[in-house]
Amino acid sequence: MKNEGNGRILIVDDEQQIRRFLRISLASQGYGVLEAENGEQALAAVYTQSPDVVLLDLGLPDMDGHEVLQGIREHSAVPVIVVSVRDREEEKVLSLDNGANDYVTKPFGIQELLARIRAVQRQSQQARGEVAASYYVSQGLVIDLELRQVSLHQEGVHLTRKEFAVLARLCRYAGRVVTQTQLLKEVWGPTHVDDTHYLRIVVSRLRQKLGDDPQTPVLLQTEAGVGYRLLVEPAQRPATS
């Protein structure tokens, strides 16, 4: 009996070796696996099999992956992670703008991919339940969006209004890349979508205040030319006495 306790993943890739590698890796982690080797099969599987996450390659034999992504988004909100050898910034931005939830460049580490899958699953579950997490932790860092409080190793961290606004939006999509355009539009307004220097300054200050090394950031990562990813985990708020 297949163990699908963690959900079902649709692998869309025309390379049999890649599908086999992913099938074995995902099955070992408790995922059920569906497979498609072209765009037509992928769209049919999304419409009829209702996967929980789609791993989508862009270089398919019958249509471009961007077309498949657009076709999925016409009918489904299923989380889609693009997994592609294309590493140009333009491809990443286009995929995210077309509705992809994340973008992973080949070759990739399976542990990183599994973490990305868990992140988009959390976001999808929160969206369906219409309840977003508001308490996040990561190695001594605690972010409480409800109380608008941040602490590092039990010491309070003062953030400006803009710094907190950026951090809050990154928390809402924890583990996923959030585009510069989205952050600028939501925090500064639609007339500031080209003012990327505003965002760079705020991100730099956040790294300093949150104890992240600006030279080799681990907590608040940059996806060059695309946006930023915050690596924190939602957690239960401690009970108050």
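Note that the structure is a prediction, hence the values are computed from the model and not measured.
- No more than 12 heavy atoms of other residues, nucleotides or ligands sit less than 6.0 Å from atom CD of Q139.
- Between K162 and D195, no side-chain nitrogen of the basic residue sits less than 4.0 Å from a carboxylate oxygen of the acidic one, so the salt-bridge criterion is not met.
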How far apart are the C-alpha atoms of V93 and V226, what are their side-chain angles, what is the distance that settles it, and do they pass the side chain to side chain contact (heavy atoms under 4.5 Å, CB included) test? CA-CA 6 Å; V93 172; V226 181; 4.0 Å; yes
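- R207 and T222 are linked by a side-chain donor-acceptor pair at a separation below 3.5 angstrom, with hydrogens and angles left out of the test.
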Show your working on side chain to side chain contact (heavy atoms under 4.5 Å, CB included) between Y228 and R200 and close with a plain yes or no. CA-CA 10 Å; Y228 299 94; R200 286 197 299 270; 3.8 Å; yes
Would you please test L22 and I110 for side chain to side chain contact (heavy atoms under 4.5 Å, CB included) and show each step? CA-CA 8 Å; L22 288 173; I110 189 62; 4.2 Å; yes
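- Once rounded to the nearest 0.5 Å, the distance linking CZ of R148 with OG of S134 reads 12.5 Å.
- Counting heavy atoms from C-beta outward, L230 and L219 have side chains that approach closer than 4.5 Å.
- Looking at heavy atoms from C-beta onward, I117 lies in side-chain contact with Y31 at the 4.5 angstrom threshold.
- When all heavy atoms of P214 and P217 are compared, the pair lying nearest together is O-CD, 3.6 Å.
- Side-chain contact check for R73 versus V68: every heavy-atom pair is 4.5 Å or farther apart.
- Atoms CZ and CD, from F164 and Q149 in turn, are 9.0 Å apart once rounded to the nearest 0.5 Å.
- Within 6.0 Å of the CZ atom in R205, the count of heavy atoms belonging to other residues, nucleotides or ligands does not exceed 12.
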Quick one: do I18 and D57 satisfy side chain to side chain contact (heavy atoms under 4.5 Å, CB included)? Show the steps, please. CA-CA 10 Å; I18 294 290; D57 184 33; over 6 Å; no
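- Looking only at distances, a side-chain donor or acceptor of R176 sits under 3.5 Å from a matching main-chain atom of N101.
- In E90, the CD atom is crowded: over 12 heavy atoms of neighbouring residues, nucleotides or ligands sit closer than 6.0 Å.
- Between Y47 and H75, the angle of the ring planes goes over 60°, which puts this pair in the perpendicular group of the 30/60° scheme.
- Heavy atoms of other residues, nucleotides or ligands lying less than 6.0 angstrom from CZ of R237 number more than 12.
- Side-chain contact between H66 and L94 is present, with at least one heavy-atom pair separated by less than 4.5 Å.
- By the neighbour-count criterion of 12 heavy atoms within 6.0 Å, atom CD of E40 is sparsely surrounded, having that number or fewer from other residues, nucleotides or ligands.
- Within the 4.5 Å cutoff, no side-chain heavy atoms of V177 are placed close to those of Y103.
- Here the side chain of S95 pairs a donor or acceptor atom with the backbone of E91 at under 3.5 angstrom.
- When every heavy atom of N38 is checked against every heavy atom of P61, the shortest pair comes out as CB-CG, 4.0 Å.
- Hydrophobic clustering (ILVMFWY, side-chain heavy atoms < 4.5 Å, transitive): F108 and L10 are in distinct clusters.
- Side-chain contact check for R229 versus D102: some heavy-atom pair is nearer than 4.5 Å.
- Proximity of a side-chain donor or acceptor of S76 to a complementary backbone N or O of I72 within less than 3.5 Å is not detected.
- Counting heavy-atom neighbours within 6.0 Å of E112 CD, excluding the residue itself, gives a total above 12.
- Cluster annotation: V78 is not connected to V53 through the hydrophobic network of ILVMFWY side chains, with a link wherever side-chain heavy atoms come within less than 4.5 Å.
- Each of L145, V150, V203, L220 was evaluated against L167; a single residue qualifies, V150, per the side chain to side chain contact (heavy atoms under 4.5 Å, CB included) test.
- Checked against D13 for a salt bridge (Lys or Arg N to Asp or Glu O under 4.0 Å), the options R19, R20, K106 give a single hit: K106.
- Residues Q182 and Y173 form a side-chain contact, since some pair of their non-hydrogen atoms from C-beta on lies under 4.5 Å apart.
- Nearest heavy-atom pair, A174 versus A119, reported as atom, atom and distance to 0.1 Å: O-CB, 3.7 Å.
- Applying the side-chain hydrogen bond (donor to acceptor under 3.5 Å, both in side chains) test to pairs two or more places apart or on separate chains, those with a residue in residues 209-220 are E163-K209, D213-T216.
- When all heavy atoms of N98 and L69 are compared, the closest pair comes out as CB-CD2, 3.7 Å.
- Of the candidates T196, V193, L199, V202, L183 forms a side chain to side chain contact (heavy atoms under 4.5 Å, CB included) with just one, namely L199.
- In this structure, the side chain of D14 does not engage the main chain of L60 through any donor-acceptor pair within 3.5 Å.
- The side-chain heavy atoms of L26 and L114, taken from C-beta on, include a pair separated by under 4.5 Å.
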